[in-house]
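Some notes on the structure that comes next.
Sequence lines set the chain letters: A, B, ... in the order given, protein chains first and strands last, and positions in each chain run from 1. What you are looking at is a predicted structure, and each value in this text was computed from that prediction instead of being measured. Basis for what follows: all heavy atoms, side chains included, without hydrogens, waters or symmetry-related copies.
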Amino acid sequence: MSNVAGQAYSLTVLTPVLPDREPALRASLQQLNEGRRSLFEQLGDTHLVRLVLVDQLVYEGPPQLRDTLTSRYLLFTAVFDGALEPFLNRLCRRMGPVIDSVWSHCVGFPGTRDPGKAITYFRHNQIDATFFYAAYPDASVAQVLDALTLRERFTSFALQAQDMQPTARQAAFEATFPSSSRPR
Amino acid sequence: MPRFALANIQGNILRAYTHPLASFAFVHLDDAERGRAWLAELRTRVTTAEPWARKPPWTVNIAFTHAGLRALGCTDRLLDSFSSEFRAGMAARAELLGDLDDSAPGEWEEGFGTGAIHAMVSLYGLDRAALAAAEAWLSGLIERHGGLRLAARQNAARLPGGIEHFGYADGMGQPGIEARGLQSLPGDGSPMPGGVWRDLQAGEFLLGHHDEEGVLTPAPRPDVLARDGTYLVYRKLRQDVSAFRNFVQGQGERFPGGPRALGAKLVGRWPDGTPLELSPHRPDPGLATDPARNNAFRYAADPRGFYCPVGSHIRRANPRDGLPFGAQLVDRHRLIRRGIAYGDVLPDGAADDGQDRGLLFICLQADIGPQFEFVQSQWLNDGNLFHLGEDRDPLLGGHGKMIVQGAPPYFVHPLPRVVTTRAGEYLFIPSLAALEFLSDRVF
Amino acid sequence: MDTGQAGPAATATATVPAGNLDGRVQAITVLSPIKPGWWIWLRILFWTLGHLQFLAKPLTQLSFIHYAHWAVVDRIPFNGAPQLGARLHYKYLLFESNFNGSWDQYIEAFSEVVGQRMTAIWGSSFGFPGPIPVAPFKAYIRRNEFAANYYWSAYPQATTTIVLQALELQHKFGRFVAQTRSMSAVEFADAYDALLTDVQQDL
């Protein structure tokens, strides 16, 4: 299934914007920028999120005929761990107000009050990937964050341990990385 | 094979001057018309790339900042055709270049990075008398024409033995350039299979010629202004010699191999210039003084960096074949270096005397962004492309760690701040025809 | 770089639309019109690329990209009025990538190193000038590119290379902990040196 690479899933959703609602949608997106960083952290298991306003299609000149979009479109892409349904559940249940603030400007959006309907809406507007590349397809967000933290702590330890007597390193190692809290 | 109109190209670009002394005059133009008249006379003394029957006692060359071209009376249309980096000026690029804190443009010497510097007149001399004569000629020229003044002056003098102030032989590893009429040294070009080195296309270093992609590098218009010109990056880098020596001595006592070996690992060469890649355990004076050998090495056989550390200065500044895909990710980021030391030598063992000494770093390239700025920001001030995380160049970085690879590795830390940027400008070196265009055409 | 572009002095991030950047990771979104009939070729191509690691290998070696995907957009889903049914002449190739380094460096590396694959993918779109020389290729991408309005990463300061190094370290560290569990201090010291030798390229 080409939306999947390892345990990662790439979801793309393209939804039409209601007429004259582009400025309001831009404002909502700007508000997201000004909001807390942890906004999408609460989704859990999500690596990346982007939202792009597609206002017109590219025209490269003859022999191409000009295509005109009759609506503006909102492109939403998220890369997350695991399956689609649980992700959409989390999206619509945990982030209801945020989702509403953005997609209320889109045609046919039913709102997250009934999460099931919102999930159906997103699935209806999903664009399947033809090819999905992931540099670390088997690593979940949690694993990546753990690994990054370990790298920092271990480097810091290695710098200090260099100046120690070799036989003192074990005790220092165990103090820094106690068996009870060592990463898997 | 491209033939260069050597009479149209300023000197010290294709072939380095070897004059031991220099004086750089940074000029401010108050009046466009008188500035052009001054240039009209100055340009008749400009030293070109033509071969010398006898080395001239002193040489004259000139380059302009974007503000300087405007001060000369260039139209907006002409000014806008220069590269975005040149138009912005080096001070505006401080964040990208890592010129922060003590190295920030706000701390630079008077006039630099403010738009006040319009032109840089480079005078090289064979001896003190010759340089004095050159300076006298220039002063006379400025005084006679009026409408311009000396905003800053910087003297320079090569150190005995061709070293820079930290004590390391400098100047090796210049790019081999195609059809220059000079036999390139092994190691200077792009590393090819079979031990061969390919000269790089002239257009990487000179506007109006084909570059490594086989096309003309984006250049200013009109063509007469751009052709045979190049961009010059000038950075006055103050070196804290005693801090460097103390650091190497101190860390070196703990480093297996001692201070000398540690210093070599930071730089990538022993002080005499012997490359670590060819002689990792000791300097080799015969090798170091042989130009046919002292730059003839590659990194692909040392991917782990056990001979020459991956993060050492010279390996970062020119990775050769040390990155994936051969030299494809390196060939378009080469620099011609024409730097020269300034300030008096600090004798071995002497305490810090508070004197200003260092390197006037000067590099030449056809495109500042993908060349100088790329090397500075992607290879020197960051480690990601080398899989070194956020580690920086050990000489320029000023903080963090450096890993000296080995079994086991050694961590050099914390790296001291030993280099500070004191002044800088982006300049354009016009060809002789371009100088005529700038001085004689009415705008 | 780009000449003839008037405007205020450029800074490091001035050329990146603010929405395209989070920490060290950058978004690129490209939507290009596919020449008639060529979408079939694209589907075959991507199927092949997916199975033969033909594209994945150099991408991994370049180590710029966290995640990237291509989608052949053959129909735009309809949601009823007031959306007007989209009657488009062409199918569109959507490309999204999340990468580190400057936009210029990214495009240049692609042009230099995977140019043939770029041609295989974008040769089927109108206006593609070829990967080399890079200046027209960059101009083409810019014309077909959309700036993101919102972009977020769970680990914005980590480059792809650093993530891969960290995961590698995590794996080796886990093995080390298991193996040294009941070692003496002297044995541990030797094992620790061996670990450092093994993980030095991951730090």
Could you look at H333(B) and say if it's the side chain, the backbone, both or neither that has a heavy atom under 4.5 Å from chain C? side chain

Evaluate the side-chain proximity of P58(C) to F325(B): yes if any heavy-atom separation is below 4.5 Å, no if none is. yes

Looking at side-chain heavy atoms only, is the closest gap between L329(B) and L62(C) below 4.5 Å? yes

Chain C heavy atoms under 4.5 Å from D382(B): which part of the residue, side chain, backbone, both or neither? side chain

Using a 4.5 angstrom heavy-atom cutoff, name the option from T159(C), V113(C), T160(C), L164(C) with the most pairs to chain B. V113(C)

Tell me, side chain or backbone of Y192(C) under 4.5 Å from chain B's heavy atoms, or both, or neither? neither

Give the minimum heavy-atom separation between Q165(C) and L388(B), together with the two atoms involved. NE2-N, 4.5 Å

Check whether R77(B) gets within reach of chain C through its side chain, its backbone, both or neither, counting any heavy atom under 4.5 Å. neither

Out of Q157(C), Q105(C), Q201(C), Q61(C), return the one with the most heavy atom pairs under 4.5 angstrom to chain B. Q105(C)

Counting heavy-atom pairs under 4.5 Å to chain C, which of E212(B), K401(B), Q328(B), E213(B) comes out on top? E213(B)

Rounded to the nearest 0.5 Å, the OG atom of S111(C) sits from the CZ atom of R332(B) at a distance of 8.0 Å

Tell me whether the count of non-hydrogen atoms from other residues, nucleotides or ligands lying under 6.0 Å of OH in Y307(B) goes above 12. no

Pick one of side chain, backbone, both or neither for L203(C), based on which atoms fall under 4.5 Å of a heavy atom in chain B. both

Under 4.5 Å from any heavy atom of chain C, what part of F374(B) do you find: side chain, backbone, both or neither? side chain

Are the side chains of Y410(B) and L196(C) in contact, using a 4.5 Å heavy-atom criterion? no

Mind checking whether N384(B) and R24(C) have side chains closer than 4.5 Å, heavy atoms only? yes

Below 4.5 Å from any heavy atom of chain C, which atoms of Q378(B) appear? Answer side chain, backbone, both or neither. side chain

Under 4.5 Å, heavy atom to heavy atom: which of residues 114-123 of chain C reach chain B? Give them by number, or say none. none

Chain C contact via F386(B) - which portion, at a heavy-atom distance below 4.5 Å: neither

Identify which part of L323(B) has an atom lying under 4.5 Å from any heavy atom of chain C, answering side chain, backbone, both or neither. neither

Locate the shortest heavy-atom distance separating R304(B) from T197(C); write the atom from each residue and the value. NH2-O, 3.0 Å

Mind checking side-chain contact (heavy atoms from CB on, under 4.5 Å) for D101(B) and listing every partner two or more places apart, or none if nothing turns up? none

Would you find a donor on one side and an acceptor on the other, under 3.5 Å apart, between the side chain of Q200(C) and the backbone of G406(B)? yes

